[in-house]
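First the proteins, then the strands, lettered A, B, ... as listed; each starts at 1.
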Number of protein chains: 2
Amino acid sequence: MKSEELCPRFESGMELLSKRWTGLIIFRLLEGSQRFSELESSLPISGRLLSERLKELEAAGIATRTVYPDTPVRIEYELTEKGRALHPVITSIREWAEKWVTPDEPAPTK
Amino acid sequence: MKSEELCPRFESGMELLSKRWTGLIIFRLLEGSQRFSELESSLPISGRLLSERLKELEAAGIATRTVYPDTPVRIEYELTEKGRALHPVITSIREWAEKWVTPDEPAPTK
DNA sequence: ATATGAGGTTACGAAAAGTAACAAGTATAT
DNA sequence: ATATACTTGTTACTTTTCGTAACCTCATAT
């Protein structure tokens, strides 16, 4: 278990993106800012994990959290420039998936 | 927790790629076929998980396993066409990481 | 017969994910 | 004043996945 010669930035970035749900959340946020409940209802993720992931994305400088004191309160999550820079990544994954993932492929090996 | 309108292929592909270590393994295999021990020593992953991930990649049609009955036995893992098609994905992640991940960023929020 | 090297597997404790119930803040309705 | 509703989370608890280390198999070499 040594890691020699792996670019540490690549490794670090990969670790971030390879956390479960992160990619799908970013995919959604690339469409524009989203509220907590919008993300929750549009992704197969639970509130607990969504909350956790959004905090991580904030901490990583990929997304921002803005509170609008409407009633009831409205909170919008939005990508930063660093986050929007992930567009090509998401696009290339989608292109690969459209070409190579068969629709009935239910999920990776269980 | 509903998932409406998300392209199921994208979601499925994302789930595959977002499994821990999968990206780094594919990164290595893009450099050419690799033996089990080469992967194990060049990545910070344990034998148990490496074995598990390689089986998943095989099952997903992304990598192949070839046994050469040398002595001691030599087993090579190699990407299929579907696996090699992930080159743009890995490249775009690396480009993003080089531009946006700071070297001291140790790992995503703990 | 014992040792060596590659490629794993097994067993088990630790960490992360999934689920469901509940809580805080604010506004409107009674 | 009290109750109800809505959004955004949090807490408590169970299940799945990960990480570590010890062990196994097969083939040759000593």
Asks: Which listed nucleotide (C:dA17, C:dG8, D:dT20) is nearest to the side chain of B:Phe36?
Replies: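 From the listed options, C:dG8 comes nearest.
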Asks: At under 4.0 Å, does any side-chain N or O of B:Ser51 touch on OP1 or OP2 of C:dG8?
Replies: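 Indeed not, no polar side-chain atom of B:Ser51 lies that close.
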Asks: Phosphate oxygens OP1/OP2 of D:dT10: is one of them under 4.0 Å from a side-chain N or O of A:Lys55?
Replies: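 Yes.
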Asks: Do B:Arg48 side-chain and D:dT20 base share a donor-acceptor contact under 3.5 Å?
Replies: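 Indeed, a donor on one side and an acceptor on the other fall under 3.5 Å apart.
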Asks: How close or far is atom P of C:dG7 from atom CG of B:Leu50, stated in whole angstroms?
Replies: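 Those two atoms, CG and P, are 10 Å apart.
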Asks: Can a salt bridge be assigned to the pair A:Glu15 and B:Arg20 using a cut-off of 4.0 Å between side-chain N and carboxylate O?
Replies: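 Answer for the salt bridge query: yes.
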Asks: Within this structure, what is the CZ-to-C1' distance between B:Arg35 and C:dG8, rounded to whole angstrom?
Replies: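 Rounded to whole Å, this separation is 13 Å.
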Asks: Quick one about B:Glu76 and B:Ser33 (side-chain donor to acceptor, distance below 3.5 Å, no hydrogens or angles considered), yes or no?
Replies: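 Per modelled atom types, B:Ser33 and B:Glu76 side chains form a pair under 3.5 Å.
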Asks: Would you kindly give the CD-to-C1' distance between A:Glu40 and C:dT19, to the nearest whole Å?
Replies: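 Spelled out: CD on A:Glu40 to C1' on C:dT19 is 12 Å.
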Asks: Going through the checks in order, is the side chain to side chain donor-acceptor pair (under 3.5 Å) test met by B:Thr80 and B:Thr64?
Replies: CA-CA 7 Å; B:Thr80 62; B:Thr64 57; over 6 Å; no
Asks: Using atom CG of B:Leu49 as one end and atom P of C:dA16 as the other, report the distance to the nearest whole Å.
Replies: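 B:Leu49 atom CG is separated from C:dA16 atom P by 14 Å.
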Asks: Please determine if a side-chain N or O atom of A:Tyr77 lies less than 4.0 Å away from the OP1 or OP2 oxygen of D:dT7.
Replies: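 No, outside the criterion.
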Asks: Tell me the interatomic distance from B:Glu56, atom CD, to D:dT16, atom C1', rounded to whole angstroms.
Replies: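 My rounded result for the distance is 13 Å.
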Asks: Has B:Ser37 got a side-chain N or O lying under 4.0 Å from the OP1 or OP2 atom of C:dG7?
Replies: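 Affirmative; the distance criterion is met.
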Asks: Among residues 62-74 of chain B, which residues get a heavy atom nearer than 4.0 Å to DNA chain C?
Replies: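 Within residues 62-74 of chain B, the residues near DNA chain C are B:Arg65, B:Pro72, B:Val73, B:Arg74.
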Asks: Is a salt bridge present between B:Arg84 and B:Glu81, judged by a nitrogen-to-oxygen distance below 4.0 Å?
Replies: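 Not counted as a salt bridge, because no side-chain N and carboxylate O are separated by less than 4.0 Å.
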Asks: Would you mind telling me which residue lines up with the more 5' stretch of DNA chain D, B:Arg53 or A:Glu76, judged by nearest nucleotide?
Replies: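 The residue closer to the strand's 5' end, by nearest nucleotide, is A:Glu76.
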Asks: When you measure from the side-chain N and O atoms of B:Arg20 to the phosphate of D:dG19, is any distance below 4.0 Å, counting only OP1 and OP2?
Replies: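 So the side-chain polar atoms of B:Arg20 do come within 4.0 Å of the phosphate oxygens OP1 or OP2 of D:dG19, strictly under.
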Asks: So, the side chain of B:Glu52 versus the backbone of B:Leu49: is there a donor-acceptor pair under 3.5 Å, distance only?
Replies: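 No: the side chain of B:Glu52 does not pair with the backbone of B:Leu49.
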Asks: Quick test of your reading of the model: are A:Arg35 and A:Glu38 salt-bridged, counting only N-O distances below 4.0 Å?
Replies: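 Salt bridge flag = no for A:Glu38 with A:Arg35.
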Asks: Can you measure B:Ile75 atom CD1 to C:dG5 atom P for me and round it to whole angstrom units?
Replies: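 So the CD1-P distance, B:Ile75 to C:dG5, works out to 18 Å.
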Asks: To the nearest Å, how far apart are A:Glu52 CD and D:dT11 P?
Replies: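 From A:Glu52 CD to D:dT11 P: 12 Å.
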Asks: Between A:Trp21 and C:dG18, is there a side-chain N or O to OP1/OP2 distance below 4.0 Å?
Replies: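 Result: yes.
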Asks: Distance from B:Ser51 atom OG to B:Ile45 atom CD1, nearest 0.5 Å?
Replies: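 Nearest 0.5 Å value for the OG-CD1 distance: 9.5 Å.
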